[in-house]
Trainee: 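Here it is, the structure in full.
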Protein chains: 2
Amino acid sequence: MDKAYVQIYTGNGKGKTTAALGISLRSVCAGRRVFFGQFIKGMDYSELKAPDFLPGFELKQFGRDCFIRNNPTKEDIAMAKNGFEEIKSKIMSEEYDLVVMDELNIAIFFELIEVEEVLELIDKKPEKVELIITGRYAPKELIEAADLVTEMKEIKHYYTAGVPARIGIEY
Amino acid sequence: MDKAYVQIYTGNGKGKTTAALGISLRSVCAGRRVFFGQFIKGMDYSELKAPDFLPGFELKQFGRDCFIRNNPTKEDIAMAKNGFEEIKSKIMSEEYDLVVMDELNIAIFFELIEVEEVLELIDKKPEKVELIITGRYAPKELIEAADLVTEMKEIKHYYTAGVPARIGIEY
């Protein structure tokens with residue numbers, strides 16, 4: 001098994017969660033086990049069906065059925081905090097080769113999770129577990145701690161032309 | 001069926017092919033049919049196994065077993081040109097909801113395929129077929145013709161720290 005790293009996908013462009021899904025697919029093809037945790041999100045996304053197709057791929061949502069736009073509710077906070085505890089135990093269990101913390105940057109941005117907790121987790125995670133963190137607004141400290149950081153930069157987006165999110169493409 | 005668009009993932013950062021794989025996974029989860037063509041590439045990537053897991057997902061490579069670094073050979077040119085003809089017929093057949101032209105930008109950059117041919121294809125493609133084009137160096141004309149463009153910008157990459165590409169992650 002190769003050494004594992006910490007990857008971050010951030011920025012305002014499309015492709016962050018999708019890139020994490022793509023690496024998950026590749027990992028499954030290579031016979032690896034993947035845990036994909038979605039913070040903030042609890043909507044009915046197409047990817048919820050992915051475990052039906054992909055052996056060794058687990059996905060769990062730690063958010064409500066709407067994205068947080070302004071002030072998080074008590075429920076938002078509790079779901080994110082519980083989700084983080086759960087994902088920590090998944091990482092420490094060494095049962096997974098890849099663990100995705102989708103939208104974790106957003107959870108940090110809304111102060112549902114402290115960046116120090118995440119840094120501590122990166123520090124003490126088992127060597128062999130690859131971590132992927134996604135979401136806009138990756139904090140400086142995480143960027144410093146990560147091995148690979150890609151910024152998805154919006155050059156042109158059809159949302160701004162009034163195209164709604166579409167099943168099978170955006171969710 | 002929603003109206004379909006043209007998406008481009010370009011830039012020097014990690015996540016372009018992977019984002020296209022992620023959207024393919026989502027599309028399959030939503031019951032759609034996907035054709036994923038890889039220009040330039042003919043290496044033994046993990047994603048070659050994805051069709052074993054995903055119903056309605058087809059993948060084909062139109063490249064040799066090494067990436068073009070400098071001058072393309074006659075074989076490179078022939079494979080790219082034949083690949084483009086094949087993918088055109090896939091698009092026009094209307095049998096697929098999503099067609100990915102992975103690394104097409106690189107094929108254009110190396111002058112294996114002309115940008116005008118691609119613009120013509122975008123112009124005459126069936127309304128319902130979504131197109132995804134990936135690869136560094138997306139030409140200006142394609143960016144103008146596309147509905148969505150994300151630049152994957154390298155902020156930090158472990159390749160530059162000497163980490164080799166790893167199975168299940170990069171390929």
Side-chain angles (χ1 to χ4, degrees), chain A residues 2-5 7-32 45-50 52-55 57 97-98 130 138 143-144 146-159 161 163-164 166-171, chain B residues 2-5 7-32 45-50 52-55 57 97-98 130 138 143-144 146-159 161 163-164 166-171:
Chain A
D2 302 306
K3 194 180 169 322
Y5 296 91
Q7 305 183 29
I8 294 181
Y9 297 91
T10 191
N12 65 349
K14 178 170 167 58
K16 301 179 288 293
T17 299
T18 355
L21 283 171
I23 298 180
S24 299
L25 172 58
R26 262 198 195 127
S27 291
V28 165
C29 289
R32 307 277 166 80
Y45 291 127
S46 298
E47 56 254 41
L48 299 186
K49 295 199 190 79
D52 298 346
F53 299 115
L54 304 176
F57 180 74
D97 306 290
L98 169 65
E130 183 98 7
I143 288 175
E144 272 163 27
D147 303 291
L148 178 142
V149 181
T150 300
E151 180 196 350
M152 270 67 169
K153 223 179 130 184
E154 178 180 314
I155 304 294
K156 202 175 190 180
H157 203 307
Y158 38 50
Y159 286 173
V163 177
R166 294 164 302 149
I167 185 167
I169 303 287
E170 276 82 30
Y171 66 93
Chain B
D2 302 307
K3 193 179 169 323
Y5 296 91
Q7 305 182 30
I8 294 181
Y9 296 93
T10 190
N12 65 349
K14 180 170 164 58
K16 300 179 289 293
T17 300
T18 357
L21 283 171
I23 297 179
S24 300
L25 172 58
R26 260 197 197 128
S27 292
V28 165
C29 289
R32 308 276 165 82
Y45 291 126
S46 298
E47 57 254 39
L48 299 186
K49 295 199 191 79
D52 298 346
F53 299 115
L54 304 176
F57 180 74
D97 304 291
L98 169 66
E130 183 97 6
I143 289 176
E144 272 162 27
D147 302 291
L148 179 142
V149 181
T150 301
E151 181 195 349
M152 270 65 170
K153 223 178 130 183
E154 178 180 315
I155 305 295
K156 204 173 188 180
H157 202 306
Y158 40 48
Y159 285 174
V163 176
R166 295 165 300 150
I167 185 167
I169 302 287
E170 276 83 29
Y171 66 93

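The sequence lines fix the lettering, A, B, ..., with proteins before strands; numbering per chain opens at 1.
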Trainee: Please determine if B:R166 and A:E130 form a salt bridge, counting it only when a charged side-chain N lies under 4.0 Å from a carboxylate O.
Mentor: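 Looking at B:R166 and A:E130, the cut-off is met.
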Trainee: Within the distance-only criterion (no hydrogens, no angle test), does the side chain of B:R26 pair as donor or acceptor with the backbone N or O of A:S46 below 3.5 angstrom?
Mentor: no
Trainee: One pair to check against side chain to side chain contact (heavy atoms under 4.5 Å, CB included): B:R32 and A:I167. What are the steps and the verdict?
Mentor: CA-CA 10 Å; B:R32 308 276 165 82; A:I167 185 167; 3.4 Å; yes
Trainee: Looking only at heavy atoms and a cut-off of under 4.5 Å, which of A:L21, A:T17, A:T18 has the most pairs with chain B?
Mentor: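 Highest number of pairs under 4.5 Å: A:T18.
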Trainee: Under 4.5 Å from any heavy atom of chain A, what part of B:Y171 do you find: side chain, backbone, both or neither?
Mentor: backbone
Trainee: Please determine which of A:E154, A:M152, A:E151, A:K153 meets the side-chain contact (heavy atoms from CB on, under 4.5 Å) test together with B:E151.
Mentor: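 The passing option is A:K153.
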Trainee: Against chain A, label B:A20 side chain, backbone, both or neither, depending on which of its atoms sit under 4.5 Å from a heavy atom there.
Mentor: neither
Trainee: Is there a side-chain contact between A:L54 and B:L54 in this structure, where contact means two heavy atoms from C-beta onward sitting under 4.5 Å apart?
Mentor: yes
Trainee: Please determine, among B:G11, B:G31, B:P164, B:P55, the option with the most heavy-atom pairs under 4.5 Å with chain A.
Mentor: B:P55
Trainee: Please find the pair of heavy atoms, one from B:C29 and one from A:E47, that lie closest to each other, and give the distance.
Mentor: SG-CA, 4.4 Å
Trainee: What part of B:Y9 lies closer than 4.5 angstrom to a heavy atom of chain A: side chain, backbone, both or neither?
Mentor: side chain
Trainee: Return the CZ to CZ distance between B:F53 and A:F53, rounded to the nearest 0.5 Å.
Mentor: 12.5 Å
Trainee: Let me know which of B:T10, B:V149, B:L148 forms a side-chain contact (heavy atoms from CB on, under 4.5 Å) with A:I155.
Mentor: B:V149
Trainee: So, the side chain of A:T150 versus the backbone of B:K14: is there a donor-acceptor pair under 3.5 Å, distance only?
Mentor: yes
Trainee: Counting only non-hydrogen atoms closer than 4.5 Å, does B:I169 touch chain A with its backbone (N, CA, C, O), its side chain (CB onward), both, or neither?
Mentor: both
Trainee: Determine the minimum heavy-atom distance between A:S27 and B:G168, stating which atoms define it.
Mentor: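 The answer is OG-O, 2.7 Å.
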Trainee: Is a side-chain N or O of B:K156 found less than 3.5 angstrom from the main chain of A:E144, in a donor-acceptor match?
Mentor: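 Yes, the answer is positive, given that a donor and an acceptor are paired below the 3.5 Å cut-off.
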